[in-house]
A.B. asks: 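Quick one: the structure is below, questions incoming.
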Amino acid sequence: MAYRAFFALPDTLVTSSGQVTNAVYGFTSMLTNLLRDEQPTHVAVAFDAGRVTFRTEQFAEYKGNRDATPEVFRGQVPLIKEVLEALRIPSLQREGIEADDILATLTQRGTEAGMEVLICSGDRDALQLVTDDVTLLYPKRGVSDLVRMTPGAVEEKYGIPPERYPDLAALVGETSDNLPGVAGVGPKTAAKWVTAYDGLDGLLEHVDELKGKAAQNLRESVDQVRLNRVLNALLRDVELPLTVEELALAGFDREAVHRVSDTLQFGALRDRLLAVDPSAEAAVETAKGGVEVDLVALEPGELAAWLAARAGTRLGLDVTGTATPGASDAWEVALAAPAGNGATGAGTAVVVDLADAAPDDERALAAWLADPGAPKVVHGAKSAWHMLAGRDLELAGVSFDTELAAYLCYPDQRGYDLADLVVRHLGRELTVGEPEGAQGALDLAMADDDDPHEDPRSRQAAVRAVAVADLATALTGQLADRGADGLLTDLELPLTGVLGRMEATGIAADVEYLTELERQFASAVADAAAEAYDVIGRQVNLGSPKQLQEVLFDQLAMPKTKKIKTGYTTDAASLQDLYVKTGHPFLEHLLAHRDVTRLRSTVEGLLKSVAPDGRIHTTFQQTIAATGRLSSTDPNLQNIPIRTEEGRRIRRAFRVGEGYETLLTADYSQIEMRIMAHLSGDEGLIDAFRSGEDLHRYVGSRVFDVAPSEVTPEMRSKIKAMSYGLAYGLSAFGLSQQLTIPTSEAQSLMDDYFTRFGGVRDYLTGVVEEARATGYTATILGRRRYLPDLTSDNRQRRQMAERMALNAPIQGSAADIIKVAMLGVQRELDSRGLASRLLLQVHDELVVEVSPGEREAAEDVLRTQMGAAVELDVPLDVSVGAGATWHDAGH
DNA sequence: GACTCCACGTA
DNA sequence: CGTACGTGGAGTCA
């Protein structure tokens, strides 16, 4: 069936890392439909074990006409087995035996056990197994269109009962098995003979009585026919490691289903798959039983006592509201003691409606939330912090964050949705357990609006709070297994508060200036477009790569660029290249148009993001980057232009705010190279940093074997490109492209580099080897990234994973360091009573808004805390700049 | 409207 | 055939 899927589906079904998935996708899809439509109680999947079987021993040419199994298919077989493992469906195979023999054996045993049996196979030999209790689902077309072959259907199609089918096949032959049939004998003749003589044996006994050409041919190939009959008989007594009872569907390993769906990039198929999980129903039923949450309806004023009764217990906390930095609000708070404590196994929860809580309860809640000694578990502490801050409620004492914990355990995952984590780690669905007597959500919705305990949304909040508390227990162990408990407690969790403050503060924007900038960029866009249209004599959408391809490669017949999925690339590097080759003025205007369009859209985005307070509040994502970096969204303030003068104009729009003295920026110089020096222990590189000499000049003098003063700017830039490239797994080819030099020259440059800095080479090869052995890379603070693809059979996937393994410890350690520094900076600003405040982080840079008179103190805090974040074998160099705008504060 | 692809900005 | 991100526009599909 997998093989059929392989041919039925296009090989363009491929993951982003290049793994073709048509066979595994098609197979899984078919299996999903079977599970859904047939509702089997027991399932197994049989595999062929190899080309050599007992049949090839009896007839060397058996299946000898088959081409070698395509590599692209073969590579997917282990993936199919992974899927099956996740579904807890046994895979069976045996050396020397074919899959259909295993199916025949299982059919035999199942029938003996009184079961009804369904066989799904593309091999017609399986027809012989069909009985009143056994149906063959035979693929008609592709893999989704299955015909139910019952005894009646076999009879109708072949004119014989199923048990006679092998007799017929022996006479007709089987092309796909390379079994020759009797010349001139097709299914019609064969069926007639088999019926007339009551089977093949009867026929062969009376072979001399038959008349005609076909009969003559039969007499000449009796031996082959007998052999065919022996070979096409399926074995029904293969020794198997499992009994049929052991094939009972156990329910999916949902975590594994998610994991394998992640790697295979199953989207809709993942959902279809999870929807047919036989265990899901059980989970939902449990929830319906109402054992998940016991939502206590407190009388006004009772919250303090409820909390006091649970003093010291870690409670789950769920805040409902909106977490828009600078405009956040909280509406409702749910608190829960974890399930499993009470006799019923249900979590106990209370819900506080912030809009109309009794003053006593409000005070009790505020005190508990702000109490650092009252431990809390949250899913997404930063959001909760924002929402509560919107109500002037302080949040402290968060001892666990299930979102951050899941991120630290599985940093490569796309998201950490609470419902998904609950399913993965608790084997439950995040559904509202219905209270005793209630008929459903509709009744709940129609209940008294004023009582939060009757509101389904309140119950949902309570369920989340319980789930978070339970999840914390499950994830605590996993976190400890990965040695990441310290990272959570000492780094990521305290950082949420720092980030929350930064986001809430925002950075002041000069709206008038931005508006004027937008006007200028917009007019430059129009000019560039007009000139471009003029050159080619027509108007096209310059923002459409598709239309540009027509202009460049059809109308102007320019040389083709690098191929991409949708034709040929029109990216800036290629356009520049084309311009050098053709000197065509259209390209000049097009490139200018691109630049200025981009700038305009950046400015537009910023203008849209300015909040009523005149500041831009980004959101720092703490659980996105697999290396441990932060990312910035809505808007992204980590990719504001800096390289070109035009772009730098945008940085002037970020200003020191009213009532503050100046902006201060502090960045680490060459932090990644310093980490490389530290991790590799390469003495040359360490000396380079200790010498205080310009790094690239120093390295250049060693590689080119000249005095540092002799290093030309050209040499220096080559060295710089290579040094940074090394941390990304740059190849000689990549280097040659970047520097526009021959690959051979790039290769010898790299060779020379590694001769001088052997420690770097040893480190880089060592880090990949170690990651392959352990399965993960680690940063200096022990942040892990798991890279299962390091042992992939697929070269593209493997090499991609190798480059990730090279980069992750370096980029990730830099991320660790600046996070530690941020905690230190915040702590020092607070303890010294300074009003200056952190605004932004851009991977190796911090931006601070300085309160009047604190210029020197703030700079001291930045230099000290950033410089002392960790102890490396090389100094951490920090450079600081000040100015009224981000541009002027830069350096 | 949801999604993918391309292109491009940052470190 | 260099890692890590986020965004906006074009194009496509249901």
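In what follows, chains carry the letters A, B, and so on, assigned in the order in which the sequence lines appear, proteins first and then strands, with residues in each chain numbered from 1. Quantities reported herein were computed from a predicted structural model and do not represent experimental measurements.
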A.B. asks: Counting only distance, no hydrogens or angles, is the base of B/dA11 paired donor-acceptor with the side chain of A/R629 under 3.5 Å?
C.D. replies: yes
A.B. asks: I'd like to know if the side chain of A/Y407 pairs up with that of A/Q622 as donor and acceptor (distance under 3.5 Å, no hydrogens or angles considered).
C.D. replies: no
A.B. asks: Over 60° means perpendicular and under 30° means parallel, so tell me whether A/Y753 and A/F757 are parallel, tilted or perpendicular.
C.D. replies: tilted
A.B. asks: Would you classify A/I640 as touching base, sugar-phosphate or nothing, given that sugar-phosphate means primed atoms plus P, OP1 and OP2, and contacts are heavy atoms under 4.0 Å?
C.D. replies: sugar-phosphate
A.B. asks: Evaluate A/Y513 against A/R649 for side-chain contact (heavy atoms from CB on, under 4.5 Å), listing each step before the verdict.
C.D. replies: CA-CA 10 Å; A/Y513 175 83; A/R649 293 172 67 190; 3.7 Å; yes
A.B. asks: With sugar-phosphate meaning primed atoms plus P, OP1 and OP2, does A/M800 contact a base, only sugar-phosphate, or nothing at under 4.0 Å between heavy atoms?
C.D. replies: sugar-phosphate
A.B. asks: Which part of the nucleic acid does A/A626 contact within heavy-atom distance under 4.0 Å: base, sugar-phosphate only, or nothing?
C.D. replies: sugar-phosphate
A.B. asks: Tell me the interatomic distance from A/H593, atom NE2, to B/dC6, atom P, rounded to whole angstroms.
C.D. replies: 20 Å
A.B. asks: Can you tell me which nucleotide in C/dG11, B/dA7, B/dC5 comes closest to the side chain of A/Q547?
C.D. replies: C/dG11
A.B. asks: Mind checking A/T602 for me? I need base, sugar-phosphate or nothing, with any heavy atom below 4.0 Å counting as a touch.
C.D. replies: nothing
A.B. asks: Can you work out whether A/K546 or A/P411 has the more 5'-proximal nearest nucleotide on DNA chain C?
C.D. replies: A/P411
A.B. asks: Can A/D571 and A/K562 be counted as an ion pair, charged N to O under 4.0 angstrom?
C.D. replies: no
A.B. asks: With a non-hydrogen cut-off below 4.0 angstrom, is A/T597 in contact with a base, only sugar-phosphate, or nothing?
C.D. replies: nothing
A.B. asks: Which nucleotide wins on minimum distance to the side chain of A/H843, given the candidates C/dG6, B/dA11, C/dA4?
C.D. replies: B/dA11
A.B. asks: Could a donor-acceptor pair under 3.5 angstrom be found where the side chain of A/N636 meets the base of C/dG6?
C.D. replies: no
A.B. asks: Give one of base, sugar-phosphate or nothing for A/I624, where a contact means two heavy atoms less than 4.0 Å apart.
C.D. replies: sugar-phosphate
A.B. asks: With sugar-phosphate meaning primed atoms plus P, OP1 and OP2, does A/I810 contact a base, only sugar-phosphate, or nothing at under 4.0 Å between heavy atoms?
C.D. replies: nothing
A.B. asks: Of the nucleotides C/dG8, B/dT10, B/dC8, which one has an atom closest to the side chain of A/S601?
C.D. replies: C/dG8
A.B. asks: Check the phosphate of B/dG9 against A/R598, side-chain N and O only, distance under 4.0 Å to OP1 or OP2. Yes or no?
C.D. replies: no
A.B. asks: Which part of the nucleic acid, if any, lies within reach of A/R785 when heavy atoms closer than 4.0 Å are counted: base, sugar-phosphate only, or nothing?
C.D. replies: sugar-phosphate
A.B. asks: Within the structure shown, what part of the strands sits under 4.0 Å from A/I642 by heavy-atom distance: base, sugar-phosphate, or nothing?
C.D. replies: sugar-phosphate
A.B. asks: Between A/H843 and A/L630, what is the shortest heavy-atom contact and its length?
C.D. replies: CE1-O, 3.4 Å
A.B. asks: CD of A/Q265 versus P of B/dT4: gap in Å, rounded?
C.D. replies: 10 Å
